Number of protein chains: 2
Amino acid sequence: MAPDRRRMIVEAATKSFSLFGYKATTMDQVAKLANVGKGTIYTFFKNKEELFEEIISSLVKEMIAEADSVINPELPFTENVHRALYRLLEFRSRHQLMIKLVQEEAEMGTLAVSEMLQHVEDEIIGYLKEKIETAIAKGAIPAVNSEITSFLLLKMYIALVSDWEKNHDPLSSEQIAEIMKVFLLKGLPKGT
Amino acid sequence: MAPDRRRMIVEAATKSFSLFGYKATTMDQVAKLANVGKGTIYTFFKNKEELFEEIISSLVKEMIAEADSVINPELPFTENVHRALYRLLEFRSRHQLMIKLVQEEAEMGTLAVSEMLQHVEDEIIGYLKEKIETAIAKGAIPAVNSEITSFLLLKMYIALVSDWEKNHDPLSSEQIAEIMKVFLLKGLPKGT
DNA sequence: TCATTGACTAATTTGGTTCTACGGTCAATT
DNA sequence: AATTGACCGTAGAACCAAATTAGTCAATGA
């Protein structure tokens with residue numbers, strides 16, 4: 001016995017956050033689920049928020065791995081952007097913890113949750129930014145401002161994948177790819 | 001005397017909504033500001049919300065007129081899109097009533113206010129959609145889905161003008177025009 | 001000796017109640 | 001007929017006691 005207590009705690013907390021959200025998860029609950037005394041949690045984590053941070057950190061790593069897995073260096077840059085972003089947003093909208101956190105932010109506005117989701121967004125933008133800078137260095141795309149461009153790309157995807165659904169039928173992956181191709185690849189004007 | 005009571009009421013309500021927001025404006029307050037009995041308001045408007053609707057309706061008309069005023073048929077389509085959208089968002093971000101309503105939605109989530117702002121957004125998208133369809137008919141741009149495209153264009157502008165400011169220094173008009181040009185005009189890939 | 005524990009505390013949240021002030025009505029007034 | 005403001009029912013603000021929670025630390029035992 002004496003299995004890795006730290007791991008037990010993180011697993012229990014992840015399960016509880018996913019099921020009940022951040023606020024509704026109590027430290028007593030986590031301790032019980034993890035089969036440790038409550039004090040033990042505080043030997044590994046300064047407080048509830050730090051425990052949360054560690055879990056989100058893993059989540060981000062998972063997301064980046066997901067995105068990387070669909071990137072294919074032989075494909076054109078814009079195709080990879082689309083694949084990576086689409087995978088990231090799909091992950092976000094299917095992952096139980098993410099669903100719960102987005103929901104909690106919307107209906108309770110928990111501060112710690114808002115901060116974490118902002119952090120996740122920043123990480124995604126950072127990831128994109130890196131890819132864009134590589135593409136610029138390779139001469140694949142013009143020397144745009146990588147920070148603003150990645151920010152805008154993410155916003156465009158969220159608009160198409162999430163915002164659109166609030167008032168319309170969801171768009172298929174193909175439709176989204178089609179729209180993005182117009183903007184990313186060709187620009188609007190015909191001929192010129 | 002006996003000046004247009006209806007006009008007095010609308011003016012008083014507009015002033016009060018702009019100053020205090022929708023919820024914090026009471027019908028007693030509007031009546032006092034307009035120098036009429038409260039009952040009089042209800043001879044012109046079914047209820048508070050209908051009074052609000054009339055005011056928002058005028059606001060939208062004002063916005064459309066603003067946008068039209070900067071459109072120049074001799075300029076290329078994308079330039080006009082940029083000018084119109086920029087003017088619309090500038091109007092939105094300078095107009096006292098709009099500022100107050102956006103603020104009220106963010107910090108109090110007043111339902112009637114959310115609905116009105118959604119309505120304003122729909123009107124703007126409708127306006128854009130019309131312009132896009134004309135451009136398609138003229139062969140100036142490819143036959144994209146005008147609904148989705150106008151939706152996405154608006155979201156891109158809001159991202160650059162408003163969302164960006166939440167975590168960064170505001171972008172200048174020139175910077176925004178520059179970014180949009182990349183997406184609207186050329187698309188990202190260099191050479192192809 | 002030192003990791004682990006859970007009873008404990010201060011702080012926050014909840015749930016139940018009261019009461020204020022609001023939107024809307026309508027009999028009285030002009 | 002048009003206008004008014006006193007009046008009504010009620011949504012939600014304000015209040016408070018009770019319950020719950022995050023975090024601590026003296027006691028425990030391996």
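Every chain is numbered from 1, with letters handed out A, B, ... down the list of sequences. Quick caveat, the model's predicted, so the values are computed rather than measured.
- Straight-line distance from the CG atom of A:N35 to the P atom of C:dT4: 14 Å, rounded to whole Å.
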Pair A:K15-A:E11, salt bridge (Lys or Arg N to Asp or Glu O under 4.0 Å): steps then yes or no | CA-CA 6 Å; A:K15 195 173 286 178; A:E11 268 171 25; over 6 Å; no
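- Remark on DNA chain C: of its neighbouring residues A:F44 and A:D28, the 5'-side contact belongs to A:F44, judged by nearest-heavy-atom nucleotide.
- Listed nucleotides: D:dA22, C:dT5, C:dT25. Nearest to the side chain of A:M27: D:dA22.
- Distance CD1 (A:I41) to P (C:dT4): 12 Å, rounded to an integer number of Å.
- Note: B:Y157 and B:H82 have tilted aromatic rings, judged against thresholds of 30 and 60 degrees for the angle between ring planes.
- The distance between atom OH of B:Y42 and atom C1' of C:dC26, rounded to the nearest whole Å, is 13 Å.
- B:I125 and B:F91 fall within the same hydrophobic cluster, where Ile, Leu, Val, Met, Phe, Trp and Tyr residues are linked whenever their side-chain heavy atoms come under 4.5 Å apart, directly or through other members.
- Rounded to whole Å, the distance from CG on A:L111 to P on C:dT12 is 14 Å.
- Atom NZ of A:K23 is separated from atom P of D:dT20 by 15 Å (rounded to the nearest Å).
- Atom CD of A:Q29 is separated from atom P of D:dG23 by 16 Å (rounded to the nearest Å).
- When the nucleotides D:dA6, C:dT5, C:dA7 are ranked by their closest atom to the side chain of B:K38, D:dA6 comes out on top.
- When the nucleotides D:dT4, C:dC22, C:dT13 are ranked by their closest atom to the side chain of B:T26, C:dC22 comes out on top.
- Atom CG of B:D4 and atom P of D:dT3 are 10 Å apart (whole Å).
- Look at A:R5 and you won't find any side-chain N or O under 4.0 angstrom from OP1 or OP2 of C:dA3.
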Chi angles and distances behind the salt bridge (Lys or Arg N to Asp or Glu O under 4.0 Å) call for A:K100, A:E104 = CA-CA 6 Å; A:K100 200 72 205 177; A:E104 185 172 347; over 6 Å; no
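- Rounded to whole Å, the distance from NZ on A:K32 to C1' on C:dT5 is 14 Å.
- One finds no side-chain N or O of A:R6 lying less than 4.0 angstrom from the OP1 or OP2 phosphate oxygen of C:dA3.
- Side chain A:K48 to base D:dG23: no donor-acceptor pair is found below 3.5 Å.
- In this structure, the nucleotide among C:dG24, C:dT4, C:dC8 sitting nearest to the side chain of A:T40 is C:dT4.
- The pair A:E121-A:K155 counts as a salt bridge, with a side-chain nitrogen and a carboxylate oxygen less than 4.0 angstrom apart.
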